[in-house]
Structure formats: C-alpha cells, structure tokens
Amino acid sequence: MLVAEMMTTPVVSVPRTWSVKQAVRLLYEQDITAAPVVDERGRMVGIVSEMDLLRAEFEVDPGAYRRPAAEPGSRPSVGVADVMTTAVRVVQEGADILDLAKLMITMGVKSVPVLRGDDLVGIASRRDLMGVLAEGDERIRDDVLAALRDSTETAGWRVAVHDGLVELSGGGDERSARIAELIAGTVPGVAGVTLTR
C-alpha cells in the first residue's frame, strides 16, 4: 500500500507568523498532534507538535498561560517560528507504507508530512497507520488479491482471510506458491500466511 492511499488530506497547516497560542488552539480544535508550518507562499518550512507548543508555554515561563492574548497586529513574544522543528522527516506520496512505518519507529516521530515533489499534499500519522492495521478482513483480502494480480506467476490463487490470517489455495507450482506467500506477507494487516493445495 502506498502512503497516498492512507494519508490525511487536506493538510491542516500553521502559518509561521502565528503565535504559539494560535497554534495551540488550532491543534486542539482539530484534534491533531502536529501540523506542518508553512511560509507566506504555502511552502513547508517546519513542523510544530503538541510537545513543541507545551514546552513553549510551560517550560520557559510557568505562568505563561495566565498572560492575556497579544493585541491584534502586535508581534507575539513567542511564535511558531521560534519553537517549530525545521529538520523535518518527510515521505513522498508514492512511498510504501512499510517505509513510513520504519521511519516512524526508528526516528520516534508521530506525524510525517507527505510531499508530491516539493509540494505538501498530506500528512501521515501513527493513527493513520493504526487505521490500516485495524482494517477488516475484507480489506486485507482485497489488498492481497490486488498484490497477487500484479504478478503473472501468482494471479491464480484464491484468498481467504480470518482475523488477519491469510489462507492461499488453488495456485500453481512450488515456485508460484513461494512467491504468493512472500507477496501476501507484505500486505499491511496480514498476521500470517498459510498455503493449502
């Protein structure tokens, strides 16, 4: 499965000129854990997370939450540009979700912006990956069948799925069986693969 098939779009983004309080409000109201930060042209220049915003509000000044909001037109004392992460891990929309999962696990990131070339087109979160894994057996079966149809050597197999366990039957020779088993095992949500003749 490709990242484009499971990412969240359209992307909720934060202008880099916003205050921390404005970003806090947006993330809270949208029920998201992070958002890409964009410049005046809509180009991504960073990402800001709940943790970045909490640190900005509580670690610098524990009483910051009691300050009145800045007057319209005035420059906030701490802005999104001051707390965002600029070294952003990204994926292209055509990447495999296994690569996305590896990136999230090894780097410990919760949300990854998705690009088409240099353009921001989506965001993928741990929640999105969990949704893929939580898909029902019918979706897994469809995905396995589609993956097997992509190879002329594995197109004849029948597929049954129960609780994520895939049963392949009715296929061809030993080589075809090994290929089908390997392909089915790469489909997200598959817990195991068995072959019957």
Side-chain angles (χ1 to χ4, degrees), residues 1-57 75-76 78-136 139-140 142-151 164 182-190:
M1 177 182 279
L2 302 180
V3 171
E5 299 174 66
M6 52 75 66
M7 69 183 182
T8 299
T9 188
V11 186
V12 175
S13 60
V14 175
R16 74 172 164 192
T17 56
W18 272 20
S19 70
V20 166
K21 288 193 183 302
Q22 287 173 303
V24 165
R25 205 169 304 119
L26 177 71
L27 267 62
Y28 180 76
E29 289 171 356
Q30 295 291 320
D31 194 25
I32 55 178
T33 61
V37 179
V38 295
D39 64 14
E40 298 74 22
R41 296 175 313 195
R43 292 289 209 194
M44 187 179 68
V45 294
I47 192 166
V48 68
S49 70
E50 292 171 320
M51 188 56 68
D52 296 329
L53 299 172
L54 289 171
R55 281 189 190 118
E57 285 294 297
R75 174 95 171 110
V78 179
V80 169
D82 301 314
V83 301
M84 70 182 183
T85 300
T86 56
V88 183
R89 303 288 181 180
V90 298
V91 294
Q92 291 291 320
E93 66 178 344
D96 191 287
I97 67 165
L98 295 176
D99 296 328
L100 171 66
K102 182 178 178 182
L103 171 66
M104 288 181 161
I105 292 166
T106 59
M107 300 307 297
V109 293
K110 292 183 180 181
S111 300
V112 178
V114 181
L115 304 179
R116 179 183 301 138
D118 292 331
D119 296 327
L120 180 65
V121 294
I123 192 159
S125 68
R126 289 180 186 173
R127 189 84 166 141
D128 294 324
L129 278 177
M130 293 294 286
V132 170
L133 295 176
E135 290 286 347
R139 170 67 189 261
I140 293 171
D142 292 345
D143 289 348
V144 169
L145 282 170
L148 293 175
R149 276 194 295 266
D150 286 344
S151 171
L182 286 171
I183 290 172
T186 66
V187 173
V190 171

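Just so it is clear, the values below take in all heavy atoms, side chains as well, and ignore hydrogens, waters and symmetry mates.
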Please assess Val144 against Ile140 for the test side chain to side chain contact (heavy atoms under 4.5 Å, CB included), listing each intermediate value before the final yes or no.
CA-CA 6 Å; Val144 169; Ile140 293 171; 4.2 Å; yes

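- Atom CG in Asp143 sits 11.0 Å away from atom CG in Leu148 (nearest 0.5 Å).
- When every heavy atom of Leu2 is checked against every heavy atom of Gly94, the shortest pair comes out as CD2-O, 3.3 Å.
- Side-chain contact check for Val112 versus Leu100: some heavy-atom pair is nearer than 4.5 Å.
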Pair Lys110, Arg127 - check side chain to side chain contact (heavy atoms under 4.5 Å, CB included), show working.
CA-CA 8 Å; Lys110 292 183 180 181; Arg127 189 84 166 141; over 6 Å; no

Start with the C-alpha distance between Glu5 and Ile97, add both sets of side-chain angles, then the distance that settles side chain to side chain contact (heavy atoms under 4.5 Å, CB included), and finish with yes or no.
CA-CA 9 Å; Glu5 299 174 66; Ile97 67 165; over 6 Å; no

Could you go step by step and tell me if Ser151 and Ile183 meet the side chain to side chain contact (heavy atoms under 4.5 Å, CB included) rule?
CA-CA 9 Å; Ser151 171; Ile183 290 172; 4.2 Å; yes

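- Under the side-chain hydrogen bond (donor to acceptor under 3.5 Å, both in side chains) criterion, Asp96 pairs with no residue, sequence neighbours left out.
- Residue pairs that meet the side chain to side chain donor-acceptor pair (under 3.5 Å) test with at least one member in residues 84-93, sequence neighbours left out, are Glu93-Arg116.
- Considering Val38, Asp119, Val37 in turn, Asp119 is the only one that fulfils the side chain to side chain contact (heavy atoms under 4.5 Å, CB included) rule with Arg43.
- Leu27 contributes atom CG, which lies 10.0 Å from atom CG of Leu54 (distance to the nearest 0.5 angstrom).
- Closest of all the heavy-atom pairs between Ala147 and Val187 is CB-CG2, 4.2 Å.
- Scanning both residues, Gly185 and Val190, for their nearest heavy atoms gives CA-CG1, 4.4 Å.
- Val45 has its side chain within reach of Met84: a pair of non-hydrogen atoms, C-beta onward, lies under 4.5 Å apart.
- Closest heavy-atom contact between Ala35 and Ile47: O-CG1, 3.3 Å.
- Of all non-hydrogen atoms in Ala34 and Ile123, the two that sit nearest each other are O-CD1, 4.2 Å.
- Heavy atoms from other residues, nucleotides or ligands lying under 6.0 Å from CG of Asp31 number 12 at most.
- Proximity of Leu115 to Leu120: side-chain heavy atoms (C-beta onward) are separated by under 4.5 Å at one or more points.
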Check: residues 6-15 side-chain donor-acceptor pairs under 3.5 Å, at least two apart:
residue: Thr8; atom: OG1; partner: Asp128; partner atom: OD1; Å: 3.1
residue: Thr8; atom: OG1; partner: Asp128; partner atom: OD2; Å: 3.1
residue: Thr9; atom: OG1; partner: Val121; partner atom: O; Å: 3.0

